[in-house]
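See structure below.
Only heavy atoms go into these numbers, but all of them, side chains included; no hydrogens, no water, no symmetry mates.
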Amino acid sequence: MNKKIAILNGSPRRKGNTSTLVQAFTKGAEASGNTVREFFLDKMDIRGCKGCFGGGKNADSPCVQKDDMDQVYPAYRDADIVVLATPLYFWTVSGQLKCAIDRLFAVAEGNPGYRNPEKESILLMAAEGNGFEETVYWYDRLMDHLQWKSIGKVLCGGVTGLGDIAGREELEEARKLGVSIR
Ligand SMILES: Cc1cc2nc3c(=O)[nH]c(=O)nc-3n(C[C@H](O)[C@H](O)[C@H](O)COP(=O)(O)O)c2cc1C
């Protein structure tokens with residue numbers, strides 16, 4: 001079955017290591033007939049959550065703040081799979097990605113008990129070192145809290161500069177993960 005995939009790319013570098021992982025994954029997923037929409041968050045106007053608890057009233061535009069999250073919300077609603085893609089920043093996800101994730105609370109606010117929509121999820125990450133443990137712990141716990149199912153993680157350590165990821169086996173891993181989605 002053709003699946004809808006929404007990618008939240010939290011890297012600020014369009015040609016960086018995270019984006020290259022995203023590209024490889026997308027190539028594979030599209031080859032298997034899936035529909036992929038990537039949001040390059042750094043180039044979008046997405047402000048931090050205000051914590052007003054006033055969202056959820058309008059399904060198409062659930063947040064009280066009106067910004068580029070209004071492009072993400074419909075794709076998020078329709079997505080079978082949400083990909084969280086990010087460089088490792090200070091042993092966690094980038095601010096760009098965290099901002100967008102916090103803003104998804106407005107969707108839950110429209111549901112009884114702040115229930116989140118059911119999704120599958122994937123984590124794609126790049127880092128200079130290999131200190132992914134804290135972020136993987138957070139991601140796994142997030143899956144439990146949201147009652148989402150993780151269907152894969154690709155973590156590429158040892159990459160810092162633009163182009164460092166070229167030739168790395170994690171690109172093939174990401175492509176194959178994409179291909180496996182049917
Ligand atoms: C603000 C900042 C914080 C970073 N923190 C870490 C870190 O905690 N651990 C690590 O291994 N690399 C860290 N890095 C390096 C990046 O994760 C690495 O360069 C990665 O490949 C960048 O991905 P990108 O090409 O998608 O931007 C940091 C880089 C920046 C700019």
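Checking side-chain atoms of Ser94 against main-chain N and O of Gly10 turns up a donor-acceptor pair under 3.5 Å. Judged by distance alone, the side chain of Thr26 and the main-chain N or O of Val22 form a donor-acceptor pair under 3.5 Å. Here the side chain of Asn34 pairs a donor or acceptor atom with the backbone of Ala29 at under 3.5 angstrom. Checking side-chain atoms of Asp68 against main-chain N and O of Asp45 turns up a donor-acceptor pair under 3.5 Å. In this structure, the side chain of Glu109 engages the main chain of Gly55 through a donor-acceptor pair within 3.5 Å. Without hydrogens or angle criteria, Asn116 side chain to Leu146 main chain gives no donor-acceptor distance under 3.5 Å. Counting only distance, with no hydrogens or angles, the side chain of Trp148 and the backbone of Pro117 share a donor-acceptor pair below 3.5 Å.
Look at Glu38 and Arg14 and you find a salt bridge, because one of the NZ, NE, NH1 or NH2 atoms lies within 4.0 Å of a carboxylate O, short of that distance. Between Arg77 and Asp60, at least one side-chain N (NZ, or NE/NH1/NH2) sits under 4.0 Å from a carboxylate O, which counts as a salt bridge. A salt bridge links Arg103 with Asp67: the distance from a Lys NZ or Arg NE/NH1/NH2 to an Asp or Glu carboxylate oxygen falls below 4.0 Å. Salt bridge Glu172/Arg175: present, at least one basic N to carboxylate O contact under 4.0 Å.
In this structure, the side chains of Tyr89 and Pro12 come closer than 4.5 Å at one or more pairs of heavy atoms. Taking the side chain as every heavy atom from C-beta outward, Ile181 and Ser32 never approach each other to under 4.5 Å. The shortest side-chain heavy-atom distance between Arg37 and Ile7 does not fall under the 4.5 Å cut-off. Counting heavy atoms from C-beta on, the side chains of Val64 and Lys50 never come closer than 4.5 Å. Asp144 has its side chain within reach of Arg141: a pair of non-hydrogen atoms, C-beta onward, lies under 4.5 Å apart.
A 6.0 Å sphere centred on NZ of Lys66 holds more than 12 heavy atoms belonging to other residues, nucleotides or ligands. Enclosure of atom NZ in Lys98 is not indicated, since only 12 or fewer non-hydrogen atoms of other residues, nucleotides or ligands lie within 6.0 angstrom. Residue Lys4 places its NZ atom among 12 or fewer non-hydrogen atoms of other residues, nucleotides or ligands, all under 6.0 Å distant.
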(message) Could you go through Glu118 and Gln147, starting from their C-alpha distance and side-chain angles, then the distance that decides it, and tell me whether this counts as side chain to side chain contact (heavy atoms under 4.5 Å, CB included)?
(response) CA-CA 7 Å; Glu118 269 179 45; Gln147 296 186 297; over 6 Å; no
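Cluster annotation: Met143 is connected to Leu123 through the hydrophobic network of ILVMFWY side chains, with a link wherever side-chain heavy atoms come within less than 4.5 Å. Clustering ILVMFWY residues whenever any of their side-chain heavy atoms sit less than 4.5 angstrom apart, transitively, puts Leu124 in the very cluster that holds Ile165. Under the 4.5 Å side-chain heavy-atom criterion for Ile, Leu, Val, Met, Phe, Trp and Tyr, Tyr139 and Val83 are members of distinct hydrophobic clusters. Put simply, Val82 and Tyr114 are part of two different groups of oily side chains (I, L, V, M, F, W, Y) that touch within less than 4.5 Å, one to the next. Placement of Leu162 and Leu171 in two distinct hydrophobic clusters is found when ILVMFWY residues are connected by side-chain heavy-atom separations under 4.5 Å, directly or transitively.
Here the CE-CG distance, from Met125 to Leu21, works out to 10.5 Å after rounding to the nearest 0.5 Å. Atom OG of Ser121 sits about 7.5 Å away from atom CG of Leu142, to the nearest 0.5 Å. Of the inter-residue distances, the one linking Glu173 atom CD with Glu170 atom CD reads 6.0 Å to the nearest 0.5 angstrom. Within the model, atoms NE2 of His145 and CH2 of Trp138 stand 11.0 Å from one another, a figure rounded to the nearest 0.5 Å. Atom CG of Leu97 and atom CG of Asp42 lie 12.0 Å apart (nearest 0.5 Å). In this structure, Met69 CE and Cys99 SG are separated by 9.5 Å, a value rounded to the nearest 0.5 Å.
A pairwise comparison of heavy atoms in Ala127 and Leu88 identifies CB-CB, 3.5 Å as the closest pair. Contact between Pro87 and Thr18 at its shortest, heavy atoms only, is N-OG1, 3.3 Å. For the pair Asp102 and Cys49, the tightest heavy-atom approach, listed with the atom from each and the gap, is CB-CB, 4.0 Å. Phe40 and Ser19 get closest at one heavy-atom pair: CE1-OG, 3.9 Å. A pairwise comparison of heavy atoms in Gly157 and Asn130 identifies CA-OD1, 3.4 Å as the closest pair. Summarising the geometry of Gly163 relative to Asn17, their closest heavy-atom pair is N-OD1, 4.0 Å, with the distance given to 0.1 Å.
Under the side chain to side chain contact (heavy atoms under 4.5 Å, CB included) rule, Leu84 has a single partner from Val93, Ile101, Asn9, Ile122, which is Ile101.
Using modelled atom types, one finds no donor on one side chain facing an acceptor on the other under 3.5 Å when comparing Asp140 with Ser150. The closest side-chain donor-acceptor pair between Lys3 and Thr35, if any, does not fall under 3.5 angstrom.
Classified by interplanar angle (parallel below 30°, tilted 30° to 60°, perpendicular above 60°), the ring pair Phe105/Phe53 is perpendicular.
A cation-pi arrangement is present between Lys119 and Tyr76, with the terminal nitrogen or guanidinium carbon under 6.0 Å from the aromatic centre and inside a 45° cone about the axis.
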